[in-house]
Amino acid sequence: MNKLEIIGWGSYLPEHTVCFNAQTRHRAGAGESQLGMLVTAARRALNKAGIAAAELDCIVCAAAVGVQPIPCTAALIHEQIALGTAIPALDINSTCTSFLTALDTVSYLIAAARYDTVLIVAGDLASCALNPEQSESFKLFGDGAAAIVVRRTEVEKGVLAAEQRTWSEGAHSTEIRGGLTALPPQRYTESNHADFLFDMQGREVLKLSLQKIPALFDEFWARHGLRPEDIALVIPHQASPALPVMMKTLGFKKGQYVDAVAEYGNMVSASVPFMLCKVLEEGRLKAGDKVLLSGTAAGLTCNIVCLQL
């Protein structure tokens with residue numbers, strides 16, 4: 001176990017909503033930005049933890065898409081909350097599961113005593129890149145941000161087990177092709193504008209996920225001596241309305257996992273940490289509970305992180 005404890009959490013959700021039948025999506029309105037959402041979530045997490053930004057040892061941004069290509073988004077967050085300090089700031093990116101990758105990675109830095117207290121911030125402005133001509137993804141995604149502060153502890157709590165896998169057969173099933181070096185901005189034209197928008201082949205992603213992920217979970221349980229019934233609550237990435245199908249395939253019962261796709265949709269990197277913040281705020285978890293954080297991301301990547309609270 002990599003020992004750490006969550007000492008603070010915070011989130012940000014735009015007030016503006018759009019509805020598609022029974023599905024609600026929160027999307028940024030005028031004057032709201034990705035950086036603003038990230039900074040607000042970060043400040044709320046620090047306030048909940050009762051610490052100043054200067055007490056942090058590291059600031060990590062775990063957004064799927066950065067505010068700008070250079071510098072890293074964590075540096076821009078740093079500018080807003082820790083200007084004048086030399087706290088290291090870095091981005092960790094595995095798209096939708098960036099928060100899980102960051103939490104797993106940071107747990108080793110804390111276990112090695114490199115850092116004691118770390119802020120992890122995740123969040124995306126998905127709405128700015130959605131393609132109205134792709135109905136499935138256009139109706140699925142929402143905006144938001146979430147942050148947690150973790151601290152080294154000697155108590156038996158922290159990251160109990162974690163795994164990450166990538167199956168690059170799915171690398172082009174979820175992508176934005178334009179904007180960086182493969183298709184730089186100066187090559188934008190009206191004829192290739194769709195390459196600069198989000199493109200997802202949902203059925204291909206689901207098919208590959210159902211082929212690969214159950215075996216990964218079987219390996220996870222066996223390797224770490226855990227069982228589905230050991231888990232108090234599963235907080236999965238709210239990837240799509242097919243979430244209950246995947247949860248049932250993995251052996252989780254209804255009520256054992258969070259399903260808020262109808263209320264929030266897919267909030268990209270914010271999905272898992274936003275729901276984690278929500279259940280912590282609601283007091284749905286107690287000390288000693290094992291919580292499973294899991295999700296899929298472009299790549300195709302899958303993460304599993306088991307936390308003991």
Side-chain angles (χ1 to χ4, degrees), residues 20-23 64 94-101 103-104 135-137 139-142 159-175 200-276 278-279 284-285 289-308:
F20 303 100
N21 296 324
Q23 305 284 312
S94 58
T95 62
C96 287
T97 57
S98 295
F99 173 80
L100 301 182
T101 303
L103 180 59
D104 185 18
S135 178
E136 178 189 16
S137 58
K139 295 178 180 180
L140 175 61
F141 287 86
V159 176
L160 191 61
E163 298 287 348
Q164 179 169 330
R165 299 288 186 277
T166 297
W167 303 283
S168 55
E169 304 95 300
H172 300 289
S173 297
T174 308
E175 61 182 347
M200 182 177 73
Q201 310 304 316
R203 290 187 179 182
E204 292 182 12
V205 174
L206 179 59
K207 182 179 178 180
L208 185 57
S209 296
L210 289 170
Q211 287 175 353
K212 301 291 187 179
I213 293 175
L216 171 59
F217 268 78
D218 288 343
E219 180 183 341
F220 177 83
W221 302 129
R223 176 175 296 182
H224 299 290
L226 294 166
R227 303 167 300 168
E229 52 266 36
D230 296 330
I231 306 302
L233 186 66
V234 182
I235 304 178
H237 174 45
Q238 308 294 297
S240 80
L243 177 62
V245 175
M246 178 60 78
M247 290 292 99
K248 182 178 181 180
T249 301
L250 297 177
F252 297 114
K253 299 176 181 179
K254 190 173 182 180
Q256 193 181 4
Y257 60 88
V258 175
D259 181 359
V261 175
E263 293 86 355
Y264 303 104
N266 186 331
M267 296 166 65
V268 200
S269 68
S271 280
V272 172
F274 180 86
M275 292 303 161
L276 176 60
K278 193 172 188 297
V279 299
R284 291 176 59 184
L285 298 167
D289 279 349
K290 293 180 177 66
V291 182
L292 197 76
L293 313 177
S294 67
T296 55
L300 173 78
T301 289
C302 180
N303 294 66
I304 312 169
V305 177
C306 183
L307 280 178
Q308 182 163 310

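In what follows, every heavy atom counts, from backbone to side chain, and hydrogens, waters and symmetry copies are set aside.
- The shortest distance between side-chain heavy atoms of Lys212 and Glu169 falls below 4.5 Å.
- Partner Ile304 forms a side chain to side chain contact (heavy atoms under 4.5 Å, CB included) with one of Leu292, Ile213, Leu293 and no other, that one being Leu292.
- Annotation: side chain of Val272 is in contact with side chain of Leu100 (closest heavy-atom distance under 4.5 Å).
- Between the side chain of Gln256 and the main chain of Pro228, a donor-acceptor pair closer than 3.5 Å is present.
- The CG atom of Leu140 lies 15.5 Å from the OH atom of Tyr264; values are rounded to the nearest 0.5 Å.
- Counting heavy atoms from C-beta on, the side chains of Val279 and Leu233 come closer than 4.5 Å.
- For the residue pair His224 and Glu163, a side-chain donor N or O sits within less than 3.5 Å of a side-chain acceptor on the partner.
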Starting from the C-alpha separation in whole Å, work towards a yes-or-no answer on side-chain contact (heavy atoms from CB on, under 4.5 Å) for Ser271 and Phe99. CA-CA 9 Å; Ser271 280; Phe99 173 80; over 6 Å; no
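- Minimum interatomic distance between Ser209 and Pro214 (heavy atoms only, all atoms of both residues): O-CD, 3.6 Å.
- Side-chain contact, Gln164 with Asn303: a donor N or O sits under 3.5 Å from an acceptor N or O.
- With respect to the salt-bridge test (charged N to carboxylate O, under 4.0 angstrom), the residues Arg165 and Glu219 qualify.
- Under the 4.5 Å side-chain criterion, counting only non-hydrogen atoms from C-beta, Pro236 is in contact with Leu243.
- Remark: of the listed residues Thr296, Val268, Leu103, Thr301, Thr301 is the sole one forming a side chain to side chain contact (heavy atoms under 4.5 Å, CB included) with Thr97.
- In this structure, Gln238 contributes its side chain and Ala260 its backbone to a donor-acceptor pair below 3.5 Å.
- Annotation: side chain of His237 is not in contact with side chain of Ser294 (no heavy-atom distance under 4.5 Å).
- At least one side-chain heavy atom of Pro244 sits less than 4.5 Å from a side-chain heavy atom of Tyr257.
- Within the 3.5 Å criterion, the main-chain N or O of Arg227 finds a donor-acceptor partner in the side chain of Asp230.
- Classification of Arg203 and Glu136 as a salt-bridged pair fails, no side-chain N sitting under 4.0 Å from a carboxylate O.
- Side-chain contact check for Gln201 versus Thr174: every heavy-atom pair is 4.5 Å or farther apart.
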- Task: Show your reasoning for whether side-chain contact (heavy atoms from CB on, under 4.5 Å) applies to Leu160 and Leu226.
- Result: CA-CA 10 Å; Leu160 191 61; Leu226 294 166; 4.1 Å; yes
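- Side-chain N or O atoms of Thr166 include none that pairs as donor or acceptor with a backbone N or O of Ser168 at under 3.5 Å.
- A 4.5 Å side-chain heavy-atom check between Leu300 and Ser173 finds every atom pair outside the cut-off.
- Ser98 and Ser269 share no donor-acceptor pair across their side chains, judged by distance under 3.5 Å alone.
- Note: Gln23 CD to Glu263 CD = 8.5 Å, rounded to the nearest 0.5 Å.
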Open item on the list: Show, in sequence, the C-alpha distance, side-chain angles and deciding distance for Val261 and Ser240, and conclude whether the side-chain contact (heavy atoms from CB on, under 4.5 Å) test is met.
Closed with: CA-CA 7 Å; Val261 175; Ser240 80; 5.9 Å; no
Check step by step if side-chain contact (heavy atoms from CB on, under 4.5 Å) holds for Glu175 and His172. CA-CA 6 Å; Glu175 61 182 347; His172 300 289; 3.0 Å; yes
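- Shown here for Ala64 and Cys96, the closest heavy-atom pair between the two residues is CB-N, 4.2 Å.
- The distance from atom CD1 of Ile235 to atom CE of Met275, rounded to the nearest 0.5 Å, is 9.0 Å.
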